[in-house]
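Quick notes on the structure that follows.
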2 protein chains.
Amino acid sequence: MAGGRPAELNATAASLLGFLHEGPMTGWDLVATAQRRIGDFWSLTQSQVYRELSGMAGAGLVEAGERGARDRRPYRLTEAGRRAFAAWIARPPGPETIRFPLLLTVLFGGHVPPERLAEFMATHRKVHAERLEEYERRLAEGVPDRYGAATLDFGLRYERAVLEWFDGLAAGDLPLC
Amino acid sequence: MAGGRPAELNATAASLLGFLHEGPMTGWDLVATAQRRIGDFWSLTQSQVYRELSGMAGAGLVEAGERGARDRRPYRLTEAGRRAFAAWIARPPGPETIRFPLLLTVLFGGHVPPERLAEFMATHRKVHAERLEEYERRLAEGVPDRYGAATLDFGLRYERAVLEWFDGLAAGDLPLC
DNA sequence: TGGTACATGTAACATGTTACATGATTAG
DNA sequence: CTAATCATGTAACATGTTACATGTACCA
């Protein structure tokens, strides 16, 4: 995304444009916003955000404003950016990808001492339990909009399913937790 | 992974080594095996497999045998490969990453005409329903080992949770299915 | 004999990750 | 004054994706 061509937005860049519909934001703000609002089902890093922003600035999809305090540099959506976002979101979303290293460890579990496997499982179970609690907290605090509610609902169901998986294994025949 | 150093295996390469414990295999076979056994929670492509194989061959973790019919080139695990795999699997597995484009579309659902969103949801629901059926078929056909059973169980629970999410939304307040 | 499935591989590019360098501002 | 946090960015590298080029063997 250097020259200026439309060049098919990627989902990460498109999401940044999505957030910029709510008003100008700096890279820093976008990182925080994205992590809070889509971070649970779309991973991204700070350096990616800056890269996409400068790429999109080069392509004319966003425009950098004056630097403010602490060098904050706000980006705002251009008309071209708005169109690019609209074109992106009108396309059918692709299939999801999950990459779950723990499941690899489980699949090759025959190569792991049972107590070590149990340790791994316990650690991960804890992470998921905390994530579920966090989601429940957000639910209790009240949800922004119906769309945010829908994605939160996904997270709740996902984490519950994962916890049930852990507990089912512990109760069953894999050495666990 | 060019030189010869141990150089920290990645999960994809390590999984290939894991499969090679069951005997020598060609790149082609490894692609098929990996897609069947870990493809549901660890995506990989053909060209990645060949790249990792030649990298690992350079690092001495696998050795290519004589080319057979149809240019088939079997790779077998070396002692160094066995050790590298053991070192990899002894490390605590990292956190999982989910990247679910449909959820992005849902989060930005305000920018999508309701009937189009419903169309996307219906398409994805169908994919997940079919995946669940496929997993149930595998379960009915009988499972290879307890570890494979555990990962299959995860898949079943995941797909059921996703379907319940779709159906919950359809019954609730998002325009759907 | 022609199409399909098998089989290997490269090239080019896009995306993701980690580490680092630099400096401003604020809170204690 | 000093440590933590805010803020931007680059560099280097690892990984993932897509497209293509090449050829073999089987089967109808």
Side-chain angles (χ1 to χ4, degrees), chain A residues 1-3 5-16 24-35 38-39 41-59 62 64-75 88 94-99 101 104, chain B residues 1-3 5-16 24-35 38-39 41-59 62 64-75 88 94-99 101 104:
Chain A
M1 178 153 297
R5 255 68 27 184
E8 297 287 296
L9 230 40
N10 66 52
T12 300
S15 299
L16 299 180
M25 274 191 266
T26 66
W28 186 264
D29 295 337
L30 280 166
V31 171
T33 301
Q35 265 161 7
I38 61 175
F41 50 86
W42 195 266
S43 72
L44 34 60
T45 63
Q46 177 252 43
S47 72
Q48 239 180 116
V49 169
Y50 284 108
R51 178 157 72 194
E52 296 298 347
L53 278 177
S54 66
M56 291 195 293
V62 296
E66 292 297 293
R67 281 178 192 278
R70 286 189 183 208
D71 255 25
R72 290 173 61 86
R73 166 175 283 201
Y75 285 89
W88 174 79
E96 97 266 35
T97 36
I98 312 183
R99 304 198 111 203
L104 292 177
Chain B
M1 177 154 298
R5 254 65 31 184
E8 296 291 294
L9 230 40
N10 67 50
T12 301
S15 298
L16 299 179
M25 274 191 267
T26 66
W28 187 264
D29 294 338
L30 280 166
V31 172
T33 301
Q35 265 161 8
I38 61 175
F41 50 86
W42 195 266
S43 72
L44 34 60
T45 62
Q46 177 253 43
S47 72
Q48 237 181 116
V49 168
Y50 284 108
R51 179 157 71 194
E52 295 298 348
L53 278 176
S54 65
M56 292 195 292
V62 296
E66 293 296 294
R67 281 179 192 276
R70 287 187 182 205
D71 256 26
R72 290 173 64 85
R73 165 176 282 201
Y75 284 90
W88 173 78
E96 97 265 36
T97 36
I98 312 184
R99 304 199 111 201
L104 292 177

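Throughout, a chain's letter reflects where its sequence line sits, starting with A, and its residues are numbered from 1.
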Sequence neighbours left out, what passes side chain to side chain donor-acceptor pair (under 3.5 Å) with Trp42(A)? Give chain and number order. Thr12(A)
Which whole-number value in Å describes the distance from Arg72(A) CZ to dT26(C) P? 11 Å
Please identify each residue that fulfils side-chain contact (heavy atoms from CB on, under 4.5 Å) with Ser47(B), with sequence neighbours left out. Thr45(B)
Starting at atom CD of Glu52(A), determine the distance to atom C1' of dT8(D), rounded to an integer number of angstrom. 16 Å
Any residue of residues 42-51 of chain A with a heavy atom less than 4.0 Å from an atom of DNA chain C: Thr45(A), Ser47(A), Gln48(A), Arg51(A)
May I have the distance from Trp28(A) (atom CH2) to dA24(C) (atom C1'), rounded to whole angstrom? 12 Å
Atom-pair distance (CD on Glu8(B); C1' on dT15(D)), nearest Å: 16 Å
How many whole angstroms separate atom CG of Leu9(A) from atom C1' of dT15(C)? 14 Å
Residues in side-chain contact (heavy atoms from CB on, under 4.5 Å) with Trp88(A), at least two apart? Leu9(A), Ala11(A), Ala14(A), Phe85(A), Arg91(A), Leu104(B)
Using the test side-chain contact (heavy atoms from CB on, under 4.5 Å), find all partners of Ala32(A) that sit at least two apart in sequence or belong to another chain. none
Asp29(B) CG - dA5(C) P separation (whole Å): 17 Å
Suppose we screen for side chain to side chain donor-acceptor pair (under 3.5 Å). Which residues come up paired with Thr33(A), at least two apart in sequence or across chains? none
Using atom CG of Leu16(A) as one end and atom P of dT15(C) as the other, report the distance to the nearest whole Å. 12 Å
Looking only at heavy atoms, what is the nearest atom pair of Tyr50(B) and Trp28(B), with distance? OH-N, 3.5 Å
Quickly work out the Leu53(A) CG to dG9(D) P distance and round it to whole Å. 9 Å
